[in-house]
Amino acid sequence: MNILAICNEKEAENIQLRKVSKEKIALSSEEKWDIWEYQNAKRFQEFVEEEPFVEVAYVDAIMESGLSAAKEVRKNCKDASLVIIADEHTSPMKYLKPDIQPQALLLRPLKTEETSNVLGELYTHLQNEKEEMADVFIMEERSQEKRIPFQKIAYFEARNKKIYAIVENQEYGFYDTIINLAGRLPSYFVRCHRSYLVNSKKIKGVYVKKGEVELEHNIILPLSRTYRKSMKELVKCEKKV
């Protein structure tokens, strides 16, 4: 369940924000969202402290403790998309800060068309980002985040207390266990050996008697007894003989 949290003391604006948000969310995805609304910044901060999985927050930067509420969002929900509500008299220097980092701005008086455009872009971007992340494997290599499209990964291998993602003629190592990794991958990544997770879309043939799995580019991986039956079923389903 996704969470939208609103911190704004103006009820009329909140009605408009809820209405437009529901419309834009429905257009961008079929996911379900909970909407929490607070007209008191302190209560909002308490909610954010207890709920670290807020995905989107609208915060009134003008209300009492509004900026503190915005900072609390960024502190406890680092990946949240934060929308600041302000007016033309509010200096951007107050909310364009490293400890707030808003993704969008709504200026008072809130106009329906402008609100619709800003929130429409926000939820479209969020959905595009989710779809993009769903198609890539994210790992850390030398303290840097690396993204590899799943379709490019031939297989994963557990070796020397690390896991290696094999992509064409390159390999990328990271720390994990093969069991934990299996739970993070699309269903077409299957075990053929205790040390290997193979991309079934790359399989050219399974040779049970030899105890081998052949992938594209003449890659041969071991097939252990434990996984022979499941690999044979895979061959039947996908007609890889």
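When a residue number appears, it is its place in the shown sequence, counting from 1. Hydrogens, waters and symmetry mates are skipped; everything else that's a heavy atom, side chains included, is used. Worth saying up front: this structure is predicted, and the values here are computed from it rather than measured.
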Inset, instruction - Find out whether Ile203 and Glu214 are in side-chain contact, i.e. whether some heavy atom of one side chain is under 4.5 Å from a heavy atom of the other. - result: no

Legend entry - CD on Glu37 to CG on Leu4, rounded to 0.5 Å: 9.5 Å

Legend entry - Backbone of Pro98 reached by a side-chain donor or acceptor of Gln101 within 3.5 Å: yes

Inset, instruction - Could you tell me whether a side-chain N or O of Asn199 sits under 3.5 Å from a main-chain N or O of Ile153, the two making a donor and an acceptor? - result: yes

Inset, instruction - Please name all residues satisfying side-chain hydrogen bond (donor to acceptor under 3.5 Å, both in side chains) with Arg108, sequence neighbours left out, ordered by chain then number. - result: Asn8, Glu13, Asp60

Legend entry - Expected output: side-chain Glu168 to main-chain Gln170 donor-acceptor under 3.5 Å: no

Inset, instruction - Could you go through the side-chain contact (heavy atoms from CB on, under 4.5 Å) check for Ile178 and Ile163 one step at a time? - result: CA-CA 7 Å; Ile178 205 82; Ile163 303 291; 4.1 Å; yes

Legend entry - CD on Glu121 to CG on Asn128, rounded to 0.5 Å: 11.5 Å

Inset, instruction - State whether Lys162 and Glu157 are salt-bridged, where the test is any N-O pair (Lys NZ or Arg NE/NH1/NH2 against Asp/Glu carboxylate O) under 4.0 Å. - result: no

Inset, instruction - Report the residues that fulfil side chain to side chain contact (heavy atoms under 4.5 Å, CB included) with Lys97, sequence neighbours left out, ordered by chain and then residue number. - result: Lys71, Asp99

Inset, instruction - Report yes or no: does Thr115 contribute a side-chain atom to a donor-acceptor pair with the main-chain N or O of Lys111 at less than 3.5 Å? - result: yes

Legend entry - Which atom of Lys75 lies closest to which atom of Lys78, heavy atoms considered: O-NZ, 3.1 Å

Inset, instruction - Return the minimal non-hydrogen interatomic distance between Ala70 and Ile100, and the atom names on each side. - result: CB-CG2, 4.0 Å

Legend entry - Main-chain N/O of Ser68 paired to Ser65 side chain as donor or acceptor, under 3.5 Å: no

Inset, instruction - Would you indicate whether the side-chain heavy atoms of Val198 and Leu221 approach each other to under 4.5 Å? - result: yes

Inset, instruction - Kindly indicate, with the supporting measurements, whether the criterion side-chain contact (heavy atoms from CB on, under 4.5 Å) is fulfilled by Arg228 and Leu223. - result: CA-CA 7 Å; Arg228 286 182 182 181; Leu223 173 60; 3.9 Å; yes

Legend entry - Derivation and outcome, ring-ring contact (aromatic ring centres under 6.0 Å, His included), residues Phe156 and Phe189: CA-CA 9 Å; Phe156 291 91; Phe189 278 88; 5.5 Å; yes

Legend entry - Residues Lys229 and Glu233 bridged, charged N to O under 4.0 Å: no

Inset, instruction - Give a yes or no on whether Glu113 atom CD has more than 12 heavy-atom contacts from other residues, nucleotides or ligands under 6.0 Å away. - result: no

Inset, instruction - For Lys130 and Glu55, run salt bridge (Lys or Arg N to Asp or Glu O under 4.0 Å): C-alpha distance rounded to whole Å, both residues' side-chain angles, the deciding distance at 0.1 Å, then the answer. - result: CA-CA 12 Å; Lys130 284 184 179 181; Glu55 187 148 8; 3.3 Å; yes

Legend entry - Full working for salt bridge (Lys or Arg N to Asp or Glu O under 4.0 Å) between Glu145 and Arg147: CA-CA 7 Å; Glu145 183 179 273; Arg147 298 187 175 205; 3.3 Å; yes

Legend entry - Shortest non-hydrogen separation from Gln39 to Lys10 and the atoms involved: NE2-C, 4.2 Å

Legend entry - CG-OG1 distance between Asn117 and Thr112, expressed to the nearest 0.5 angstrom: 11.0 Å

Inset, instruction - Check whether any side-chain heavy atom of Pro102 lies under 4.5 Å from a side-chain heavy atom of Leu96, and answer yes or no. - result: yes

Legend entry - Residue pair Met63 / Cys7, side-chain heavy-atom distance below 4.5 Å: yes

Inset, instruction - Any chance you could measure Glu129, atom CD, to Asp79, atom CG, to the nearest 0.5 Å? - result: 8.5 Å

Inset, instruction - Measure from NZ or CZ of Lys24 to the centre of the six-membered ring of Tyr123 and say whether it is under 6.0 Å with the direction within 45° of the ring axis. - result: no

Legend entry - Which residues share a ring pair (Phe, Tyr, Trp, His ring centres under 6.0 Å) with Tyr196, sequence neighbours left out: Tyr155, His193

Legend entry - Hphob cluster co-occupancy, Val73 + Val56, side-chain heavy atoms under 4.5 angstrom: no

Inset, instruction - Using only heavy-atom distances, determine whether the side chains of Glu49 and Asn76 contain a donor-acceptor pair under 3.5 Å. - result: no

Inset, instruction - Please report the shortest heavy-atom distance between Leu126 and Ser81, naming the atom on each side. - result: CD2-OG, 3.4 Å

Inset, instruction - Report yes or no: do Val54 and Leu67 belong to one cluster of Ile/Leu/Val/Met/Phe/Trp/Tyr joined by side chain heavy-atom distances under 4.5 Å? - result: yes

Inset, instruction - Would you check if the side chain of Lys202 reaches a backbone N or O of Gln151 as a donor-acceptor pair within less than 3.5 Å? - result: yes

Legend entry - Chi angles and distances behind the side-chain contact (heavy atoms from CB on, under 4.5 Å) call for Leu185, Leu197: CA-CA 10 Å; Leu185 300 177; Leu197 273 161; 3.8 Å; yes

Inset, instruction - State whether the number of non-hydrogen atoms from other residues, nucleotides or ligands found under 6.0 Å of Lys22 atom NZ is greater than 12. - result: no

Legend entry - Polar side-chain atom of Ser28 near backbone of Ile25 as donor-acceptor pair, under 3.5 Å: yes

Inset, instruction - Provide the full list of salt bridge (Lys or Arg N to Asp or Glu O under 4.0 Å) pairs with a residue in residues 181-198, sequence neighbours left out, each pair given once. - result: Asp176-Arg184

Legend entry - Leu110 CG to Ile85 CD1 distance, which is reported to the nearest 0.5 Å: 6.0 Å

Legend entry - From CG (Asp34) to CD (Glu51), nearest 0.5 Å: 9.0 Å

Inset, instruction - Locate the shortest heavy-atom distance separating Leu215 from Ala154; write the atom from each residue and the value. - result: CD1-O, 4.0 Å

Inset, instruction - Give a yes or no on this: more than 12 heavy atoms of other residues, nucleotides or ligands lie within 6.0 Å of atom CG of Leu27. - result: yes

Inset, instruction - Answer yes or no: is there a side-chain heavy-atom contact under 4.5 Å between Leu106 and Ile84? - result: no

Inset, instruction - Decide whether Leu119 and Ile15 are clustered together by the hydrophobic rule: side chain heavy atoms of Ile, Leu, Val, Met, Phe, Trp, Tyr closer than 4.5 Å, transitively. - result: no

Inset, instruction - Mind listing the closest non-hydrogen atom pair of Lys161 and Tyr175 along with its distance? - result: O-CD2, 3.6 Å

Inset, instruction - Could you check if a side-chain atom of Ile220 sits within less than 4.5 angstrom of a side-chain atom of Val213, using non-hydrogen atoms only? - result: no

Inset, instruction - Decide yes or no for Phe174 and Phe137: does some side-chain heavy atom of the first lie under 4.5 Å from some side-chain heavy atom of the second? - result: yes

Legend entry - Derivation of the side-chain contact (heavy atoms from CB on, under 4.5 Å) call for Tyr95 and Thr90: CA-CA 9 Å; Tyr95 51 81; Thr90 307; 4.0 Å; yes

Inset, instruction - Could you tell me which residues satisfy ring pair (Phe, Tyr, Trp, His ring centres under 6.0 Å) with Phe47, sequence neighbours excluded, listed by chain and number? - result: Trp36, Tyr38

Legend entry - Salt-bridge contact Arg18-Glu11 (side-chain N to carboxylate O under 4.0 Å): yes

Inset, instruction - Treat each ILVMFWY residue as a node, draw an edge where side-chain heavy atoms are under 4.5 Å apart, and state whether Tyr58 and Phe44 are in one component. - result: no

Inset, instruction - Salt-bridge test for Glu171 and Arg159: reply yes if a basic N is under 4.0 Å from a carboxylate O, no otherwise. - result: yes

Inset, instruction - Please check if Val83 and Ile3 belong to a single hydrophobic cluster, counting links between Ile, Leu, Val, Met, Phe, Trp and Tyr side chain heavy atoms closer than 4.5 Å. - result: no

Legend entry - Partner residues of Lys210 under the side chain to side chain contact (heavy atoms under 4.5 Å, CB included) criterion, sequence neighbours left out: Tyr207, Glu212

